[in-house]
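The block underneath contains the structure these notes are about, expressed in structure tokens.
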Amino acid sequence: QVQLVESGGGLVQAGGSLRLSCAASGGTFSNHGMSWFRQTPGKEREFVAAMSWNGRDTYYADSVKGRFTISRDNVKNMLYLEMSSLNPQDTAEYYCAARQAKNDYKSSTSWLYWGQGTQVTVSS
């Protein structure tokens, strides 16, 4: 059974940093792309970043480009999101996703597996 478990969320002041982790199990993830999305109450899940299976290709939402860095460790089956220069607009539940099934990596419907999320709250 495929399982994705996020961790590393918390409360941070504006301008601070956090590192999110996503532990993958129950499948072979080293051959598949992985991504991060985020969601706030009443809004659709929003694309944050994605990485190809070998780490060579990375994609970022314009709102996080230059501040967030996605990375992965295929030996450990881990996905990471380094977040810096955080601002209150980054407050959201952050989700890890795996196995892209459609071409549009920015759409949440393109990803097959999801974690339960980890809350990031940035105070002003």
Side-chain angles (χ1 to χ4, degrees):
Q1 182 178 355
V2 173
Q3 189 174 21
L4 302 175
V5 180
E6 301 94 337
S7 61
L11 176 63
V12 63
Q13 288 189 335
S17 300
L18 277 177
R19 186 196 198 203
L20 304 183
S21 300
C22 172
S25 62
T28 303
F29 294 91
S30 58
N31 296 334
H32 299 278
M34 296 187 75
S35 64
W36 290 97
F37 282 73
R38 65 187 182 186
Q39 189 171 23
T40 54
K43 292 189 177 181
E44 292 188 356
R45 201 161 288 189
E46 173 191 31
F47 170 74
V48 175
M51 175 170 271
S52 61
W53 67 273
N54 57 7
R56 292 179 182 173
D57 299 309
T58 56
Y59 309 92
Y60 295 95
D62 288 342
S63 59
V64 307
K65 204 171 292 183
R67 302 187 298 120
F68 291 12
T69 302
I70 188 172
S71 62
R72 64 189 296 167
D73 184 333
N74 284 344
V75 174
K76 297 181 179 179
N77 276 346
M78 294 291 295
L79 181 72
Y80 304 101
L81 186 67
E82 296 274 1
M83 306 185 296
S84 62
S85 301
L86 286 162
N87 59 64
Q89 288 70 42
D90 295 316
T91 295
E93 189 83 7
Y94 282 72
Y95 296 89
C96 166
R99 293 197 183 174
Q100 184 181 351
K102 301 177 185 178
N103 287 336
D104 185 4
Y105 59 85
K106 292 184 178 180
S107 172
S108 62
T109 62
S110 296
W111 299 86
L112 291 179
Y113 301 111
W114 293 88
Q116 83 291 346
T118 185
Q119 177 68 35
V120 171
T121 303
V122 184
S123 63
S124 57

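All values reported here derive from a predicted model rather than from experimental measurement. Numbering of residues begins at 1 and proceeds along the displayed sequence.
- Heavy atoms only, all atoms of each residue included: Gly8 and Thr118 are closest at N-OG1, 4.2 Å.
- Closest heavy-atom contact between Ile70 and Tyr60: N-OH, 2.9 Å.
- Residue Met51 holds its CE atom at 12.0 Å from CZ of Arg56, rounded to the nearest 0.5 Å.
- Of the inter-residue distances, the one linking Arg19 atom CZ with Ser71 atom OG reads 6.0 Å to the nearest 0.5 angstrom.
- How far OG1 of Thr58 is from NZ of Lys65: 9.5 Å, rounded to the nearest 0.5 Å.
- Under the 4.5 Å side-chain criterion, counting only non-hydrogen atoms from C-beta, Lys102 is not in contact with Asp104.
- The CZ atom of Arg72 sits 7.5 Å away from the OG atom of Ser30 when rounded to the nearest 0.5 Å.
- Taking the centre and axis of the six-membered ring of Trp111, the NZ or CZ atom of Arg45 falls outside the cone set by 45° and 6.0 Å.
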Intermediate values then yes/no, side chain to side chain contact (heavy atoms under 4.5 Å, CB included), Met83 and Leu20: CA-CA 8 Å; Met83 306 185 296; Leu20 304 183; 3.7 Å; yes

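- Hydrophobic clustering (ILVMFWY, side-chain heavy atoms < 4.5 Å, transitive): Leu112 and Leu4 are in one cluster.
- Taking a 6.0 Å sphere around NZ of Lys76, one finds it holds 12 or fewer heavy atoms contributed by other residues, nucleotides or ligands.
- In this structure, Val2 and Trp114 have side chains that are not in contact, with every pair of non-hydrogen atoms separated by 4.5 Å or more.
- Between Thr91 and Thr40, the shortest heavy-atom contact is O-CG2, 3.1 Å.
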Would you please test His32 and Gln100 for side chain to side chain contact (heavy atoms under 4.5 Å, CB included) and show each step? CA-CA 7 Å; His32 299 278; Gln100 184 181 351; over 6 Å; no

Exercise. Where do Leu79 and Trp36 land on the side chain to side chain contact (heavy atoms under 4.5 Å, CB included) test, with the steps shown first?
Worked result: CA-CA 9 Å; Leu79 181 72; Trp36 290 97; 3.4 Å; yes

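- Taking all atoms of both residues into account, the shortest heavy-atom contact from Gly115 to Glu6 is CA-OE2, 3.2 Å.
- Contact between Val12 and Gly16 at its shortest, heavy atoms only, is CG2-CA, 3.8 Å.
- Side chains of Gln39 and Ser108 form no contact here, defined as non-hydrogen atoms less than 4.5 Å apart.
- Without hydrogens or angle criteria, Ser84 side chain to Arg67 main chain gives a donor-acceptor distance under 3.5 Å.
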Criterion ring-ring contact (aromatic ring centres under 6.0 Å, His included) on Tyr105 and Phe47, from CA distance to verdict = CA-CA 8 Å; Tyr105 59 85; Phe47 170 74; 5.3 Å; yes

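- Crowding of Trp53 atom CH2: a count of heavy atoms from other residues, nucleotides or ligands under 6.0 Å not exceeding 12.
- Here the CE atom belonging to Met34 is positioned 12.0 Å from the CG atom belonging to Leu81, to the nearest 0.5 angstrom.
- Thr109 and Ser107 get closest at one heavy-atom pair: OG1-OG, 2.7 Å.
- Counting heavy atoms from C-beta outward, Val122 and Pro88 have side chains that approach closer than 4.5 Å.
- One distance of note links CZ of Arg99 with OG of Ser35; it measures 13.5 Å at 0.5 Å rounding.
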Apply side chain to side chain contact (heavy atoms under 4.5 Å, CB included) to residues Arg38 and Asp90 and explain how you reach the verdict.
CA-CA 9 Å; Arg38 65 187 182 186; Asp90 295 316; 2.9 Å; yes

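- Tracing side-chain contacts under 4.5 Å through hydrophobic residues (I, L, V, M, F, W, Y), one never reaches Val48 starting from Met78; they form parts of separate clusters.
- The hydrophobic cluster containing Phe37 does not contain Leu86, counting ILVMFWY residues as joined when their side-chain heavy atoms lie under 4.5 angstrom apart, directly or transitively.
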